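Here's the structure we're looking at; comments come further down.
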Amino acid sequence: MKKKLPDELELARDLLDKQVVDRDETKMGRVDGLVLELREGKPPRVDHLEMGSAVLARCIHPRVESWVDALRRRIGVQKTGRYRVPWAAVQEIVPYQVKLDVKAAETPAFAWEHWLRDHVIAHIPRGLKGKAN
Amino acid sequence: MSMKKAATLALGILTSVGGFFDVGAIATSAQAGAIFRYQLLWALALGTILVVFLVEMSGRFAAVTRQALPDAIRQQFGFTSWLVPFVVLTLIHFLTLGAEIGGICFALHLLTGLPVSLWALPVAALVWLFLWRSTFSAIENSTSLLGLITLAFVVAAWRYHPPMGQVLAGMLPTLPHHEPARYGYIAVGLLGAIISPYLFYFYSSGAVEDEWDESYVAVNRGVAVIGMGFGSIISVAAIVVAAMVLAPRGIQVDDYHQAALMLTQVFPFWGFALFAVSMGIACVGAAVELSLAMAYTSAQTFGWNWGENLDPREDARFCLTYTGAILAAALLILFGVDPLKLTLFSMAINALVLPFVALPFLLLMNDRKLLGKHANGWISNAITILTLVVAIVLAVVSIPLMFLGG
Amino acid sequence: MKTVHLELLLGRVVRDPEGKKAGRIFAVRAEPDGEDCVVTEYLLGTAAMMSRLGISAKRLLGWPIRRKPLSIPWDLLDLRDPKKPRLLCSLAELKGKKG
Amino acid sequence: MQAAGWVFAMRSSISQGAPLFGALALAATLCLACASKSPQEKLLDATKPAASWIATLRMTGERWNANSVPASFVKATAGKAVDELGAVAEEAGKSPVPPEVRLPLQRLMTAARAAGSGLERAVEAGDRPAAARQVARLAALEGELAAWRSGQKGRAP
């Protein structure tokens with residue numbers, strides 16, 4: 001698949017904090033972090049995007065990150081609080097979202113969504129939804 | 001205009017029934033009319049003008065950028081800047097949701113005679129079931145249709161032939177003849193009840209749910225004026241009726257029971273039930289709006305999948321957010337928090353956080369890179385800056401007033 | 001591999017070798033380069049923040065503020081300590097280059 | 001983006017605003033302190049909701065007799081009103097004003113509470129003439145309370 005990227009990017013504005021969708025346009029999180037690789041004699045390159053609770057917690061304070069991580073390990077639903085998306089997986093950047101060439105359901109970003117679906121939602125009878133639209 | 005676009009009016013009326021004429025507007029309008037007759041109508045008029053513009057802006061923003069406000073705020077200002085307002089707003093939305101659920105419980109208490117707190121859990125179940133089972137357009141259409149019953153206030157006001165001269169004079173701000181602290185407190189409450197932050201988060205998310213695009217910009221303008229105008233007319237009518245019925249008898253509204261007498265004179269047989277049903281429906285609309293606003297805001301802040309039209313299996317976190325919010329807010333009423341006190345308190349803090357809502361709004365609406373030719377013109381900017389100034393004055397004034405007038 | 005987190009870099013104060021403050025980093029320009037996406041320059045100062053937030057002083061306040069963001073080419077910023085980004089030339093030199 | 005500088009700017013503007021805000025809050029507190037009311041004025045303020053509750057009871061009784069409100073509503077309203085009037089009576093009892101000022105008020109509150117309970121009983125029994133009698137009694141009490149209040153207003157410094 002051909003990537004659709006603008007010719008020039010302003011990383012903070014065009015990438016960071018943007019809504020992330022998978023190849024079926026399912027919303028799977030936001031660009032919580034962005035990691036640059038520093039190279040000797042060559043310009044820094046975007047290595048990967050990061051998503052997850054640990055990334056957000058780190059922005060508040062490194063100590064908050066360790067609390068959030070301890071909590072995550074205790075609950076045990078998510079294997080990682082830091083989901084890394086390699087730059088190669090970025091498919092399209094438009095003003096309102098970033099599209100990845102992945103399937104949301106197969107990523108750690110959907111760990112909670114799946115756990116809640118299987119352990120809570122599945123036990124409540126659903127109504128007319130899903131048939132609408 | 002296509003049918004689909006004409007039907008968008010439902011979003012406006014729903015936003016208005018729930019967001020404008022809600023438990024807070026009922027309480028503060030009844031108090032304003034009962035104590036100061038028509039003298040506080042200016043606060044309502046000012047609030048209406050501001051809210052029409054702000055609602056129009058949030059709709060225009062969503063139509064042009066396909067983004068709802070919380071989504072855009074997180075993207076534009078970053079997670080750390082948004083974190084504190086997000087937490088504070090969630091807390092306020094929670095308290096306001098408690099007040100609205102209290103309003104529904106009170107309406108049912110009027111109709112059945114059973115205690116208010118007894119209704120807390122059944123009401124929570126009812127509101128939740130409504131959200132869980134129906135689609136966004138079903139919620140929109142049924143609530144806005146049922147919301148027309150609040151027009152009973154307008155009919156009542158019209159039948160009383162209020163002194164038009166005094167009503168018009170009330171549209172201009174004047175100094176109070178008595179109880180200045182109370183006057184200020186009610187004015188703040190009225191504005192806080194009208195310009196609630198959740199209104200904009202809900203309305204813009206609703207526009208995204210209804211898949212608006214740039215062609216909706218003109219329709220949106222009409223929806224904002226008609227929808228908010230609807231809520232405003234009903235609130236004016238509530239003030240007029242309170243001024244005609246309660247004020248001459250010296251009845252102040254210190255309790256919702258006193259407000260419940262408002263329509264009993266003009267509609268001897270139906271008045272009591274009409275008041276209860278109007279209050280109940282307005283509060284259902286608001287409770288639906290608030291719980292969705294909370295779910296929209298959280299989902300957009302963290303990027304979860306969201307939408308009232310999705311099967312709950314596809315947006316588990318979104319659905320469970322409103323589920324948890326409704327349940328927790330109902331506990332406030334179950335444990336006997338006074339609905340009127342909770343209402344007045346949450347209206348005052350709604351006014352308090354308004355500056356933090358209006359400022360990012362002003363910045364977003366002027367971003368040409370996002371909005372292109374649909375960015376704000378000078379009139380909209382002047383109104384937003386006026387809102388910001390009013391909001392800051394309110395915030396500064398409302399703290400001492402909370403102790404003096406509350 | 002030496003990496004730096006963009007979300008933690010934004011808002012940091014850049015100083016030149018003499019310790020003079022150049023401003024805070026508010027924007028990072030990049031462009032796609034084959035399979036990669038590489039940084040071209042860093043933008044500093046209030047003007048960078050304003051343009052980043054889409055604020056135009058002229059539109060908002062009615063008078064224009066003619067200040068351009070200070071731009072640093074990628075090869076003149078040392079990010080080995082992301083908490084203390086350092087300019088590799090003096091501030092005067094950087095400004096002089098632009099004329 | 002992570003606009004740390006943005007947050008910084010907001011924070012500094014808040015902290016610059018803090019002295020102003022603090023000064024206003026201080027001014028308000030001072031106003032409160034200066035405006036500390038005499039016991040007489042305080043009692044006068046407390047009777048305002050009492051007058052409103054007596055009027056509410058009267059209107060509720062009238063509307064019940066006109067078949068406009070259900071009995072359960074009268075019961076709930078009367079219960080609430082009796083409680084609120086009791087609170088005013090208690091405040092009057094504790095007030096340091098001379099007995100010739102507070103005793104008539106206490107008597108009025110007792111009478112109003114009795115009328116409220118009487119109304120509740122009449123409605124429970126479905127006795128319309130009795131309810132009408134309580135309404136008339138409440139109307140009289142309303143007048144008496146108004147007279148007491150205007151008497152106090154005349155005397156207040």
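Excluded from the calculations below are hydrogen atoms, water molecules and symmetry mates; all remaining heavy atoms, backbone and side chain alike, are included. Everything quoted here is computed from the prediction, not taken from an experiment.
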task = Flag the pair B/Asp315 and A/Arg117 as a salt bridge only when some basic side-chain nitrogen lies within less than 4.0 angstrom of an acidic carboxylate oxygen.
result = no
key: Pairwise distance CH2(A/Trp115) to CZ(B/Arg317) - rounded to 0.5 angstrom   = 13.0 Å
message = Tell me every residue that passes ring-ring contact (aromatic ring centres under 6.0 Å, His included) with B/Trp119, counting only those two or more places apart in sequence or in another chain.
response = none
request  = Please tell me if the side chains of B/Thr323 and A/Val120 come closer than 4.5 Å, counting only heavy atoms from C-beta onward.
outcome  = no
ask   = What residue, out of A/Gln97, A/Lys18, A/Glu113, has the most heavy-atom pairs lying under 4.5 Å from chain B?
value = A/Glu113
request  = Report yes or no: is the cationic atom of A/Lys27 (NZ for Lys, CZ for Arg) closer than 6.0 Å to the six-membered ring centre of B/Trp306, at no more than 45° off its axis?
outcome  = yes
task = Can you measure from OG1 (B/Thr80) to CD1 (A/Ile60) and round to the nearest 0.5 angstrom?
result = 8.5 Å
ask   = Any side-chain heavy atom of A/Met28 sitting closer than 4.5 Å to one from B/Asn305?
value = no
inquiry  = Using the rule given for salt bridge (charged side-chain N to carboxylate O under 4.0 Å, His left out), can you reason through B/Asp367 versus A/Arg13, listing the C-alpha separation, both sets of side-chain angles and the distance that settles it, and then say yes or no?
reply    = CA-CA 12 Å; B/Asp367 193 332; A/Arg13 184 188 170 99; 3.4 Å; yes
task = Salt-bridge test for A/Asp14 and B/Lys369: reply yes if a basic N is under 4.0 Å from a carboxylate O, no otherwise.
result = no
query = Which bit of A/Ala104 is near chain B, if near means a heavy-atom gap under 4.5 Å: side chain, backbone, both or neither?
reply = neither
message = With a 6.0 Å cut-off (strictly less than), is the heavy-atom count around CZ of A/Arg45, excluding the residue itself, greater than 12?
response = yes
inquiry  = Quick check for you: to the nearest 0.5 Å, what is the distance between B/Gln75 atom CD and A/Asp17 atom CG?
reply    = 8.0 Å
Approximate separation, where rounding is to 0.5 Å, of B/Glu314 CD and A/Thr26 OG1 = 7.5 Å
key: Atom group of A/Val21 that falls short of 4.5 Å from chain B, counting heavy atoms   = neither
query = Restricting to pairs with a member in residues 54-64 of chain A, which pass side-chain hydrogen bond (donor to acceptor under 3.5 Å, both in side chains), not counting sequence neighbours?
reply = none
ask   = Just how far is it from atom OG1 of B/Thr301 to atom CG of A/Leu56, taken to the nearest 0.5 Å?
value = 10.0 Å
key: Interchain contact, B/Leu370 with chain A, by part (heavy-atom threshold 4.5 Å)   = both
request  = Any chance you could lay out the salt bridge (charged side-chain N to carboxylate O under 4.0 Å, His left out) test for A/Arg30 and B/Asp71, step after step, and finish with the verdict?
outcome  = CA-CA 10 Å; A/Arg30 300 191 82 106; B/Asp71 184 354; 2.7 Å; yes
OH on A/Tyr96 to CZ on B/Arg66, rounded to 0.5 Å = 5.0 Å
query = For the residue pair B/Ala316 and A/Leu116, what are the closest heavy atoms and their distance?
reply = CB-CB, 4.0 Å
Backbone of A/Ile124 reached by a side-chain donor or acceptor of B/Trp132 within 3.5 Å = no
